[in-house]
Number of protein chains: 2
Amino acid sequence: MPKTQANLKAQLNTEGYKLTPQRKAILDILIKQRCKHLKCDEIYQLVRSKMPSIGIATVYRTLPLLEKMGFLNRILLDDGLVRYEVSTQGENHSHHHMICTGCGELSEIEVDMLDDLEKQIQKTTGFLVQNHSLRFYGLCQKCQGKLNT
Amino acid sequence: MPKTQANLKAQLNTEGYKLTPQRKAILDILIKQRCKHLKCDEIYQLVRSKMPSIGIATVYRTLPLLEKMGFLNRILLDDGLVRYEVSTQGENHSHHHMICTGCGELSEIEVDMLDDLEKQIQKTTGFLVQNHSLRFYGLCQKCQGKLNT
DNA sequence: TTTCTTGCAAAGTCTTTGCAAGGTG
DNA sequence: CACCTTGCAAAGACTTTGCAAGAAA
């Protein structure tokens with residue numbers, strides 16, 4: 001089943017959870033910001049602009065839930081703050097993150113190419129690879145430009 | 001210059017820092033636990049067994065310093081806790097981490113093989129890759145065994 | 001109606017900071 | 001001696017929890 005807004009209710013119900021306006025609003029915001037990677041507090045601020053009465057505890061409780069249901073991915077960068085991104089349909093296996101050490105910007109790239117490496121690891125170490133996370137640190141084009149000034 | 005205990009003083013001095021028993025003790029512990037990835041508090045406990053009077057604030061202040069000097073790498077796993085590992089001489093570019101989703105064990109593997117991918121990224125996106133971090137999630141041999149029981 | 005959720009406030013964890021006393025170069 | 005560091009305690013940042021009132025199925 002595709003992980004879209006429309007399926008939120010069904011997904012929740014099959015596991016005994018309920019669809020609340022808060023949960024809908026939070027997913028809504030995240031889908032609208034699709035390509036962003038938002039911190040909990042940023043999500044809280046955004047949702048609050050649509051639903052001023054929501055409490056931050058609800059956000060903290062909803063995010064892991066949406067993650068468990070497969071709607072979100074939790075990301076931990078080097079600053080130690082938890083971020084979330086909307087997970088593109090079942091493919092948690094095919095995009096990598098690039099983090100600019102100049103401005104901190106986080107972007108994505110849609111390649112994978114780790115199959116060979118995974119096979120090699122499995123053969124060498126016996127470790128059964130199920131998933132991976134690959135991050136590149138370096139300079140985005142903007143920051144490379146600034147260096148030449 | 002190799003990043004060994006012996007060079008700590010020199011390294012520190014060239015940047016205006018001083019060699020204190022506390023700093024020596026902390027690096028000592030980390031070197032002895034070489035292949036482990038320790039949380040701040042674990043490091044504090046270990047150092048305290050040798051130097052009971054040390055304060056945890058000192059540990060929190062020393063770890064980033066040792067990282068800055070190139071002796072340590074800071075690692076952030078999915079539980080959000082900061083860990084440190086001794087950095088093997090200047091090679092921050094050639095080992096990956098494997099995290100078992102069964103028992104949580106963190107181990108290392110000494111392959112790289114990302115050069116092609118990095119070149120491709122640079123060509124495609126203009127992002128200048130300086131470093132990377134690759135983690136594999138899956139099951140270690142022990143945990144695979146448990147599943148068959 | 002039953003069970004799950006919410007918002008609030010309090011409590012927790014991990015980490016950082018201010019400061020006076022003490023150590024290093 | 002000048003400057004860097006330490007240990008302590010207090011303050012911070014982020015996150016989790018207990019609970020009574022309220023909402024969803």
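Letters A, B, ... are given to chains in the order of the sequence lines, protein chains preceding strands, and every chain is numbered from 1.
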Of the listed nucleotides (dT15(D), dT15(C), dT24(C)), which one gets closest to any side-chain atom of Thr20(B)?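 So the nucleotide nearest the side chain must be dT24(C).
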Out of dG7(D), dT15(D), dT5(C), whichever nucleotide has its closest atom nearest the side chain of Val82(A):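 Of dG7(D), dT15(D), dT5(C), dT15(D) is nearest to the side chain of Val82(A).
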Gly80(B) vs Met51(A), nearer the 5' end of DNA chain C by closest nucleotide: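 So the residue in question is Met51(A).
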Of all the nucleotides listed (dA24(D), dC19(C), dG25(C)), which has the minimum atom distance to the side chain of Pro21(A)?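 The answer is dA24(D), which lies nearest to the side chain.
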Options dT15(D), dT15(C), dC8(D), nucleotide nearest the side-chain atoms of Cys40(A):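 Among dT15(D), dT15(C), dC8(D), the one nearest the side chain of Cys40(A) is dT15(D).
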Here's a test of your reading of the structure: between Leu81(A) and Asn13(A), which maps to the more 5' nucleotide of DNA chain D?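 Upstream on the strand: Leu81(A).
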Please confirm whether the ring centroid of His96(A) lies under 6.0 Å from the ring centroid of His132(B).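 No.
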When you check the phosphate oxygens OP1 and OP2 of dT15(D), does a side-chain N or O of Tyr60(A) lie under 4.0 Å from one of them?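 Looking at the OP1 and OP2 atoms of dT15(D), one of them is under 4.0 Å from a side-chain N or O of Tyr60(A).
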When you check the phosphate oxygens OP1 and OP2 of dT5(D), does a side-chain N or O of Arg23(B) lie under 4.0 Å from one of them?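 Yes, such a contact exists.
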If you assign each of Lys18(B) and Ile56(B) to its closest nucleotide in DNA chain C, which residue comes earlier from the 5' end?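 Between the two, 5'-proximity favours Ile56(B).
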When rounded to the nearest 0.5 angstrom, what is the spacing between CD in Glu105(A) and CD in Gln141(A)?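 Those atoms lie 11.0 Å apart.
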Side-chain heavy atoms of Asp41(B) within contact of Ile56(B), under 4.5 Å: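 Sidechains of Ile56(B) and Asp41(B): in contact.
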Answer with yes or no whether Arg48(B) presents, from its side chain, a donor or acceptor under 3.5 Å of a partner atom in the base of dG7(D).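 No, no donor-acceptor pair under 3.5 Å.
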For a quick test of reading the model: is some side-chain N or O of Gln22(A) closer than 4.0 Å to OP1 or OP2 of dA23(D)?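 So the side-chain polar atoms of Gln22(A) never come under 4.0 Å of the phosphate oxygens OP1 or OP2 of dA23(D).
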Select base, sugar-phosphate, or nothing to describe what Gly16(A) touches, counting heavy atoms under 4.0 Å on all strands.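 If one applies the 4.0 Å heavy-atom cut-off, Gly16(A) turns out to touch the sugar-phosphate alone, with no base involved.
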If you only use heavy atoms from C-beta on, which nucleotide in dG7(D), dG7(C), dT5(C) is closest to the side chain of Ile54(A)?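 Among the listed nucleotides, the one closest to the side chain of Ile54(A) is dG7(C).
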Measure from the side chain of Lys9(A), starting at C-beta and using heavy atoms only, and say which of dG25(C), dA25(D), dT5(D) lies closest.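 Nearest to the side-chain atoms of Lys9(A), counting from C-beta on, is dA25(D).
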Closest to side chain of Leu19(B), choosing from dG25(C), dT6(D), dA25(D):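 So the nucleotide nearest the side chain must be dG25(C).
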